[in-house]
Amino acid sequence: SQVRTARRTLAALRTCFDTVTAALARRCSSGGRLDGRQLDAQQVASFELAWTGADLLAAENGLALLHDGSSELDARLALLFAVDAALAVSGRLDALFLELGLATAPLRALRDDAEWEQLRQSAAGAQALDATGRLVAAAQGEVGTVRLDEPHAMAQESFRRFSEEVVAPQAEAIHRENLTVPESLLQPLREMGVFGLSVPEQYGGSAPDEGEDSLLMVLVTEALSEGSLAAAGSLITRPEILTRALLAGGTREQQAHWLPRLAAGDPLCAIAITEPDYGSDVASIALKGTRTPGGWRLNGAKTWCTFAGKAGVLMVVTRTDPDRSLGHKGISLLLVEKPAFEGHDFVYRQQDGGTLTGRAIPTIGYRGMHSFDLSFEDFFVPDANVVGGEAGLGKGFYYTMAGMVGGRMQTAARACGVMRAALRAAIRYGEDRKVFGQPLIEFPLTRAKLARMGARLAVCRQLACEVAARVDQGEGRMEASLVKLLACRSAEMVTREALQLHGGMGYAEETPVSRYFVDARVLSIFEGAEETLALKVVARSLMERALGVEGAAA
């Protein structure tokens, strides 16, 4: 059968992938451990390895979810993505084999396989794309079905309805007029408990006291992002990161004080990590925290601090040990309290003279929450606001990383929401728009585009939900980064095709698909830039696993 051939093909590619991973790991290691300088020398190969792993895992997962009750559409999309992914993986592996001096005979044998050639035609040929595109259109973009229990299905339906009826009607004005997210969205979201999804029930949230429910977070984030990435879909990322950091390292008093307030969305919060000279390199941050009686004085700058104006508390990653040679071991988390400001700039002066200044950065998209440049001048933070207290000093990097895994999962979910909105918009426009005497959707090329857009969305949704289950089991750090890589790049591709199908109207700001396109572009940059995740997390983890390094699979 086609599914059996696809699985056999992917299994053969997985074997080749493991061979390449082991060979690259040997080249990048010394004494059985990875060597930083050698890793840097192999960045190109490592980047390709990460992307190969992303495509391969997504294709395998899509096929693994097929069962006797799967719809024809689900089967077609899984097979289409598997074929497209196998072609991409084969090409990357071929380049890696040559780079590493490996014999390419296994890849040549795969390309010459008659059953593989037949599968390519039957799953991704012109007729197959046409038939699959028709099914995607008939389903109105409802692809990548994930089997849910009743509570999760009800939550998904509730937030999708809210997104369609409340978020989407306000999204265009927020984007085009560069507004701050209004209370008309924030207050109903507070009432729906959206800010407490990662806060344990004992602290007023909806997360289990024991364990987590990352699947719910993924479903809610995707639903809200379909209405607007910036005005709704990204609102719960920051409280989740801070919540996870507090749960990982906060004192009991800090947890009791902050978690109920975060769950209630009062105050709203922001995360201040990035600095003008240091992007995703968290270990090198330089914002200086100096001891003073009763607390700390902050001096320095942060940038790309999303929602810093409206937020009432900032989680600020701070260098509290002046010895820069300590790297990440000299970093702590400080909670900066401030009034909420509505505008695009603010100045907050403390009574003792400390100052925090913020200015929103003009951006091509992702408007509503606004990302700020921040400047701290002798800004005082009391000892009580050091996460973990005295015992937490120097552990801020670890607490931050505890929060970022969930943030990356959420970003993958946000990408899925934007893709779903773009695909559905493309279908509607294709049905309504007539060119050369017939609806746009009746052209084979249109349906072929819809088929591939649907396949990308389907596998990304399914993989995000699968990885969420791994995260809840305390695993999947690398896979969370991997699914972010894939989903965010896919969102760029899907929104690009959706805009293209709209023609000139797609380039007009009055058309929602133009917003989807510019919003999608930020996804591969924040919550860990694509290159950093590929090199420092995914590729490194894959090679550590190949070397058998303890803890590499975390």
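Nothing here was measured: the structure is a model prediction, and the numbers come from that model. Heavy atoms only: backbone and side chains are in, while hydrogens, waters and symmetry mates are out.
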Listed partners of Glu142 passing side-chain hydrogen bond (donor to acceptor under 3.5 Å, both in side chains), at least two apart: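 side-chain hydrogen bond (donor to acceptor under 3.5 Å, both in side chains) list for Glu142, sorted by chain: Arg160, Arg420.
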Test log, rule side chain to side chain donor-acceptor pair (under 3.5 Å), inputs Gln140 and Glu431: CA-CA 11 Å; Gln140 290 296 298; Glu431 292 172 339; 3.1 Å; yes
Taking [X] for the side chain and [Y] for the main chain, is one N or O donor matched with an acceptor at less than 3.5 Å?
X: Arg461; Y: Val146; answer: no
X: Lys302; Y: Val317; answer: yes
X: Ser514; Y: Ala508; answer: yes
X: Asp55; Y: Ala85; answer: no
X: Gln462; Y: Asn61; answer: no
X: His370; Y: Leu179; answer: yes
X: Arg447; Y: Leu129; answer: no

Is [X] atom [atom1] crowded by more than 12 heavy atoms from other residues, nucleotides or ligands, each under 6.0 Å away?
X: Glu191; atom1: CD; answer: yes
X: Gln43; atom1: CD; answer: yes
X: Phe159; atom1: CZ; answer: yes
X: Glu183; atom1: CD; answer: yes

Charged N-O contact under 4.0 Å between [X] and [Y]:
X: Lys310; Y: Glu342; value: yes
X: Glu492; Y: Arg456; value: no
X: Arg452; Y: Glu497; value: no

Positive for side chain to side chain contact (heavy atoms under 4.5 Å, CB included) with Ser214, one of Val471, Leu219, Leu197, Val467: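 Output: one option passes, namely Val471.
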With Tyr366, the side chain to side chain contact (heavy atoms under 4.5 Å, CB included) member among Val518, Leu523, Thr306, Ile525: Thr306
Which atom pair, heavy atoms only, marks the closest approach of [X] to [Y]?
X: Thr274; Y: Trp304; result: CG2-CD1, 4.3 Å
X: Ala451; Y: Leu77; result: O-CD2, 3.7 Å
X: Met505; Y: Thr511; result: O-OG1, 2.8 Å
X: Phe162; Y: Pro188; result: CE1-CB, 3.7 Å
X: Thr221; Y: Met217; result: OG1-O, 2.7 Å
X: Thr495; Y: Val513; result: O-CG2, 4.4 Å

Audit row: Thr145, Leu73, side chain to side chain contact (heavy atoms under 4.5 Å, CB included) steps and yes/no: CA-CA 10 Å; Thr145 305; Leu73 176 57; over 6 Å; no
Derivation of the side chain to side chain contact (heavy atoms under 4.5 Å, CB included) call for Met543 and Ser46: CA-CA 9 Å; Met543 285 187 272; Ser46 297; 3.6 Å; yes
Side-chain H-bond candidate by donor/acceptor type, Ser234 with Arg414, under 3.5 Å: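 Present: a donor and an acceptor within the cut-off.
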Polar side chain donor-acceptor pair, Glu226 to Ser163, under 3.5 angstrom: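 Checked: Glu226/Ser163 side chains show no N/O donor-acceptor pair below 3.5 Å.
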So, taking the atom named [atom1] in [X] and the one named [atom2] in [Y], what distance separates them when rounded to the nearest 0.5 Å?
X: Thr132; Y: Leu79; atom1: OG1; atom2: CG; value: 9.0 Å
X: Ile273; Y: Thr303; atom1: CD1; atom2: OG1; value: 12.5 Å
X: Arg238; Y: Leu314; atom1: CZ; atom2: CG; value: 12.0 Å
X: Ser481; Y: Met409; atom1: OG; atom2: CE; value: 10.0 Å

Side chain to side chain, [X] and [Y], heavy atoms closer than 4.5 Å:
X: Pro200; Y: Gln255; answer: no
X: Tyr516; Y: Val494; answer: no
X: His344; Y: Asn178; answer: yes
X: Tyr429; Y: Leu440; answer: yes
X: Arg540; Y: Leu535; answer: no
X: Leu185; Y: Ile174; answer: yes
X: Thr52; Y: Leu49; answer: no
X: Leu335; Y: Val387; answer: yes

With Arg496 via salt bridge (Lys or Arg N to Asp or Glu O under 4.0 Å) - residues at least two apart: none
Candidate pair Arg470 and Gln473, rule side chain to side chain donor-acceptor pair (under 3.5 Å), full reasoning: CA-CA 5 Å; Arg470 299 190 191 188; Gln473 295 168 5; over 6 Å; no
Stepwise side chain to side chain contact (heavy atoms under 4.5 Å, CB included) test for Arg515 and Ser228: CA-CA 9 Å; Arg515 170 167 49 86; Ser228 170; 4.2 Å; yes
Arg261 and Asp266: CA distance, side-chain angles, deciding distance, side chain to side chain contact (heavy atoms under 4.5 Å, CB included) verdict: CA-CA 5 Å; Arg261 299 174 67 192; Asp266 184 18; 5.9 Å; no
